[in-house]
Amino acid sequence: MATGSTTGQHRLVTAAQVLLTLAGVLYLGVVVEAAAGWPLDPARSYLSELAALDQATSPLFRSTDVAAGALVLVGLALLGTAYRLARRAGEPTATLVQKVTFWAFVAFGLATVADALLPLDCALSVGDCAAREEAGELSLAHQAHTFSSVASGVSSFVASAGVVWLARVRRRTPLGISARLAGALGPLLGVVTGTIGLFGSPLPVGTGIVQRVQIVAFSVVLVLAAQVLTLRQPHHGAPETDVPQDRRARSPASHSEP
């Protein structure tokens with residue numbers, strides 16, 4: 001592989017890692033919530049309620065969500081470009097799990113932007129918002145927010161599951177341990193909070209805390225996404241190692257997928 005091509009791929013992957021790390025930090029939300037003085041009861045509210053139109057924090061939280069989703073999409077576009085360069089240089093194609101995981105992250109980025117552009121009219125955990133929602137008095141954007149949130153949750157679930165599977169080749173390293181722990185914890189807590197949310201407001205005490213831990217877990221997944229997507233995956237019958245059997249050096253971009 002040409003040195004210039006390899007250098008270009010490394011730069012693209014590094015840039016993608018930086019952008020996805022920034023996305024993870026922006027998506028975290030809990031830090032901003034704490035800095036704002038916990039405007040809503042974190043034990044009984046969802047973090048997304050802070051982006052509701054009747055909340056003073058709405059512009060800030062909607063902006064960070066748009067930025068996080070956009071950074072995810074740009075970071076993945078860079079990974080996709082690195083992958084195409086690697087494929088032209090004769091590197092192996094990505095595995096099915098890598099492809100599915102990549103596109104799940106893309107779906108998450110799009111859904112996160114949609115979440116911010118389709119905010120709740122009001123915070124469901126305070127006032128008469130829940131009653132107004134039940135009576136069908138709120139806007140179409142408020143109702144559509146439910147669908148964008150579901151899309152975000154499902155795509156993050158799939159992406160996290162993919163990260164857990166892909167990280168198995170480094171299961172004894174800090175990267176593998178943190179990726180598998182965060183990737184497993186996020187979906188588990190997401191199922192718990194999502195199921196509770198089906199019963200409407202008010203939420204049981206502690207539900208909001210569980211949801212915030214889930215957000216933290218997926219933020220870690222975002223930070224590690226580029227590294228996990230570019231891990232070399234073992235082929236059928238090959239030992240689980242990140243070193244090719246012929247011991248030739250491979251680009252870290254060789255297994256990311258557009």
For the residue pair [Y] / [X], report whether a side-chain donor-acceptor contact shorter than 3.5 Å exists.
{"X": "Ser45", "Y": "Arg212", "result": "yes"}
{"X": "Gln98", "Y": "Thr101", "result": "no"}
{"X": "Tyr27", "Y": "Ser156", "result": "no"}

Open item on the list: Is the distance from the ring center of Phe108 to that of Phe218 below 6.0 Å?
Closed with: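 Yes, the ring centres sit under 6.0 Å apart.
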
Contact summary for [X] and [Y], nearest pair of heavy atoms:
{"X": "Leu20", "Y": "Leu222", "result": "CB-O, 3.5 Å"}
{"X": "Leu166", "Y": "Val169", "result": "O-CG2, 3.4 Å"}
{"X": "Leu19", "Y": "Val74", "result": "CD1-CG1, 3.5 Å"}

- [ ] Calculate, to the nearest 0.5 Å, the distance between atoms CG and CD1 belonging to Asp41 and Ile209 respectively.
- [x]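 So the gap between those two atoms works out to 7.5 Å.
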
Task: Value rounded to 0.5 Å, distance of CG in Leu22 from CD in Gln17 - done: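 That separation rounds to 12.0 Å.
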
Task: disulfide (SG to SG under 2.5 Å) contacts in which one or both residues fall within residues 84-149, not counting sequence neighbours - done: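 Checked against disulfide (SG to SG under 2.5 Å) - neighbours excluded - the pairs reaching residues 84-149 are Cys122-Cys129.
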
TODO: Only counting residues at least two apart or in another chain, list the ones meeting salt bridge (Lys or Arg N to Asp or Glu O under 4.0 Å) with Arg180.
DONE: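 Listed in chain order: nothing, the list is empty.
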
TODO: Look at atom CD of Glu137 and say whether more than 12 heavy atoms of other residues, nucleotides or ligands are closer to it than 6.0 Å.
DONE: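 More than 12 heavy atoms, drawn from other residues, nucleotides or ligands, come within 6.0 Å of this atom.
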
Task: Under 3.5 Å donor-acceptor, Gln227 side chain and Leu224 backbone - done: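 No.
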
Open item on the list: Under the side-chain hydrogen bond (donor to acceptor under 3.5 Å, both in side chains) definition, can you give me all pairs with a residue in residues 139-150, not counting sequence neighbours?
Closed with: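 Matches after skipping sequence neighbours: Asp115-Ser148, Asp115-Ser149, Asp121-Ser139, Glu133-His142, His145-Ser149.
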
